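Only one structure is covered here, and it is reproduced in the block below.
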Number of protein chains: 2
Amino acid sequence: MIGLLYCAAAFEPYLLEVATKSMSHSERTETRKATTPRRSAAALKRMPQRLGDIALTTHESVYRGLRNRILFGGFLPGSAVTLRGLAEDMGVSPMPIREAVRRLIAERALKMMDNRRVLIPPMTEEAFEQIIFSRKTLEPELASRAMDRIGPAEIKAISTHDRAVDRAMAIGDVEGYMQANYRFHFAIYERARADTLLALVESIWLQFGPFMRMAYGRWGTSSLEDQHQAAIAALERKDRKALKAAIAADISQGMNFIGEGILKRSS
Amino acid sequence: MIGLLYCAAAFEPYLLEVATKSMSHSERTETRKATTPRRSAAALKRMPQRLGDIALTTHESVYRGLRNRILFGGFLPGSAVTLRGLAEDMGVSPMPIREAVRRLIAERALKMMDNRRVLIPPMTEEAFEQIIFSRKTLEPELASRAMDRIGPAEIKAISTHDRAVDRAMAIGDVEGYMQANYRFHFAIYERARADTLLALVESIWLQFGPFMRMAYGRWGTSSLEDQHQAAIAALERKDRKALKAAIAADISQGMNFIGEGILKRSS
DNA sequence: GCGCGATTAATGTGATCACAATGGGGAGGT
DNA sequence: ACCTCCCCATTGTGATCACATTAATCGCGC
């Protein structure tokens, strides 16, 4: 409710677009196309369990879909989500939605109000400052740990992601930019094999994803600069100090752009 | 499965004691005392919703109960938990258990294996090192932020918790020690009014709770030292630098004791 | 016309059932 | 005595229903 003030301004039409989830719930929608689904014998064709790579539960694919959508700005800060609404959108029953939403609430990607309504958490100046602190503390450390495990092959992959960042930035593809930027950073961090730390960082990214999208949606990505090249160069030289500095600088620049955009220039 | 190796050694009988949850599900157990609860008309008396302070959902009280139990060592690292088992223990249906467990898994207080079995995550040396790093990074910072909001009244409360720590340590009350120690730290951290950072720290504490309990259970709390007095003195003097140093030293001492105990001396 | 109250719709929560898959234990064979 | 295979108990998952509560909407009185 409170957070709805954030989206009072006129807004681009990306609000509810489906991000990057490739759910193939074909055999389930045909069960549900009847307006009033009866339970009698309709529960037979259950658990077809799409085996894309390995057995994946429904709530897990729902979770990943929602997670990506939040991470890359598919939701507006302050916008509400409902269990039944999402269930209908994704063509599943409300049950796996409940579990996915509960999980995302625990990760602070969603927020449950006192009235038990669920919404994308609006950003506050205090939370934003804490996010910056956490990022600048954890991410350079994670990159430093990863460095020893990053060889030429990994550097190549990381560079590919960086080029995707530049490409998206050039054509103003906000969502593409955010996805490529995420992949760039986490391609580095994942090599640290430090999942306890990585989980903290992922939770942080989930919290500023919608907010970041809002900033880019308003002021574009054209004036963005990053320190990705400096980070790659540091990785090639195995220069730990330079790497940490590059990551820290990248965070500062990016978050400063977002913060200036939304929090300072007000509406 | 793997983690069960950790509890192979002989062990004290605190394994499954109920920690500090005061659930009053009296009116619900009488519904369930029949061995095979039928659903026909038994679903009438639902949602009595004990209103201790404010309306509290069942899965929320289940969550808090489980959380405390994990935090203060009510479970052994590597031990398995089952939805139906917990449901029976707590006298509720498996449904609120599912939500609470899902939430705790997201907070890394529980771990779901590939076979979908849920267990208390066993500790590894790598995870332990990351936990120490996170604690030493976040907690002194949190204390520093809290200092400006800590007056004589708060210092009094904090000192009370410290005395409880000493008392429990003197009589070897492991669980009492852990609870008092938690209250001491979080009485400080909460004053920072930085819930984004606080959430990260709480997740970390949940992860080493069972492990800490194991160490104290084996070697007692008699040889423990802490820097609580130094922290309190720093709070009284409003000495930010000393406060951060005291918190950092307290973490180092405590975690070192635990780590030495379990990871180094093997069995 | 315009607030204001009662009715209705919608939402989260809890319970129960059905099902797939894993795991353990016992029987049978070597 | 040990290993192997099969069967059954147990577990998590998904669906559906019922309910309490909150939000929305319509209608009535001023």
Side-chain angles (χ1 to χ4, degrees), chain A residues 1 4 25 27-29 31-32 34 36-51 54-63 80-88 90-105 110-119, chain B residues 1 4 25 27-29 31-32 34 36-51 54-63 80-88 90-105 110-119:
Chain A
M1 307 184 70
L4 284 175
H25 50 274
E27 72 289 341
R28 186 161 289 150
T29 40
T31 306
R32 187 164 288 89
T36 57
R38 289 275 64 86
R39 65 98 177 251
S40 54
L44 266 290
K45 54 189 69 169
R46 207 132 30 117
M47 291 219 160
Q49 227 86 320
R50 60 197 84 40
L51 322 168
I54 209 63
L56 198 59
T57 59
T58 305
H59 85 250
E60 179 96 21
S61 44
V62 166
Y63 166 75
V81 297
T82 66
L83 264 41
R84 289 175 175 85
L86 291 175
E88 185 143 356
M90 297 185 151
V92 299
S93 88
M95 182 62 65
I97 305 282
R98 273 164 74 170
E99 305 215 36
V101 165
R102 183 68 58 191
R103 185 170 167 186
L104 288 163
I105 291 172
L110 294 174
K111 179 173 170 57
M112 173 165 287
M113 309 301 289
D114 293 336
N115 23 342
R116 299 183 186 169
R117 291 299 200 278
V118 181
L119 43 80
Chain B
M1 307 185 67
L4 285 175
H25 49 274
E27 71 290 340
R28 185 162 287 149
T29 40
T31 307
R32 187 164 288 89
T36 57
R38 288 273 66 84
R39 67 98 176 248
S40 54
L44 265 290
K45 53 190 71 168
R46 209 135 27 120
M47 291 221 161
Q49 226 85 319
R50 60 198 84 40
L51 323 169
I54 210 63
L56 200 59
T57 59
T58 305
H59 84 251
E60 179 96 22
S61 44
V62 166
Y63 165 77
V81 297
T82 66
L83 263 41
R84 288 174 175 84
L86 290 176
E88 187 143 355
M90 298 185 150
V92 299
S93 87
M95 180 62 64
I97 305 282
R98 273 165 73 170
E99 305 215 37
V101 165
R102 183 68 58 190
R103 186 170 167 186
L104 288 163
I105 291 172
L110 295 174
K111 178 173 170 58
M112 173 165 288
M113 310 301 289
D114 293 336
N115 24 343
R116 299 182 186 171
R117 290 300 200 278
V118 181
L119 43 79

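Note that the coordinates shown come from a computational prediction; the quantities given were computed from them, not determined experimentally. Throughout, protein chains are lettered first and strands after them, A, B, ... in sequence-line order, and every chain is numbered starting at 1.
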| d(CG, A:Leu83; P, D:dC17) in whole Å | 17 Å
| query | Reckon A:Ser93 has a side-chain N or O less than 4.0 Å from the OP1 or OP2 of D:dG14? | reply | no
| field | d(CE, B:Met95; P, D:dT16) in whole Å | value | 13 Å
| said: Between the base of C:dG14 and the side chain of A:Arg98, is there a donor and acceptor pair under 3.5 angstrom? | reply: yes
| task | Looking only at side-chain atoms of A:Thr82, point me to the closest of C:dT16, C:dT13, C:dT11. | result | C:dT11
| request: Please check the phosphate of D:dT11 (OP1 and OP2 only) for any side-chain N or O of B:Asn115 closer than 4.0 Å. | output: no
| message | Can you measure A:Leu56 atom CG to C:dA20 atom C1' for me and round it to whole angstrom units? | response | 15 Å
| message | Could you check whether the side chain of B:Arg117 and the base of C:dG23 have a donor-acceptor pair of N or O atoms closer than 3.5 Å, going by distance alone? | response | no
| task | Please indicate whether B:Glu88 has more than 12 foreign heavy atoms, meaning atoms of other residues, nucleotides or ligands, lying under 6.0 Å from its CD. | result | no
| message | Let's go through B:Thr82 and B:Arg117 carefully: what are the C-alpha distance in whole Å and the side-chain angles of both, what is the deciding distance for side chain to side chain contact (heavy atoms under 4.5 Å, CB included) to 0.1 Å, and is it a yes or a no? | response | CA-CA 8 Å; B:Thr82 66; B:Arg117 290 300 200 278; 5.9 Å; no
| field | Side-chain N or O of A:Thr58 closer than 4.0 Å to phosphate OP1/OP2 of D:dG14 | value | yes
| query | Is there a side-chain contact between A:Arg103 and A:Arg98, using heavy atoms and a 4.5 Å cut-off? | reply | no
| task | Check the distance between D:dG14's C1' and A:Met90's CE and give it to me in whole angstrom. | result | 16 Å
| task | Return the minimal non-hydrogen interatomic distance between A:Pro94 and A:Arg84, and the atom names on each side. | result | CG-CG, 4.5 Å
| task | Write down the distance between CE (B:Met113) and C1' (C:dT22), rounded to a whole number of angstrom. | result | 13 Å
| message | Which heavy atom of A:Ser61 sits nearest to which heavy atom of A:Leu56, and what is that distance? | response | CB-CD2, 4.1 Å
| Tell me: CG of A:Asp114 to P of D:dT21, nearest whole Å? | 16 Å
| query | Nearest-Å distance, CG (A:Leu110) to C1' (C:dG12)? | reply | 14 Å
| message | What is the separation between atom CD on B:Glu60 and atom P on D:dA20, rounded to the nearest whole Å? | response | 21 Å
| note | By nearest-nucleotide position on DNA chain D, the 5'-leaning member of A:Arg84 and B:Gly85 is B:Gly85
| query | Mapping B:Val81 and A:Pro96 onto DNA chain D by nearest heavy atom, which one lands closer to the 5' end? | reply | B:Val81
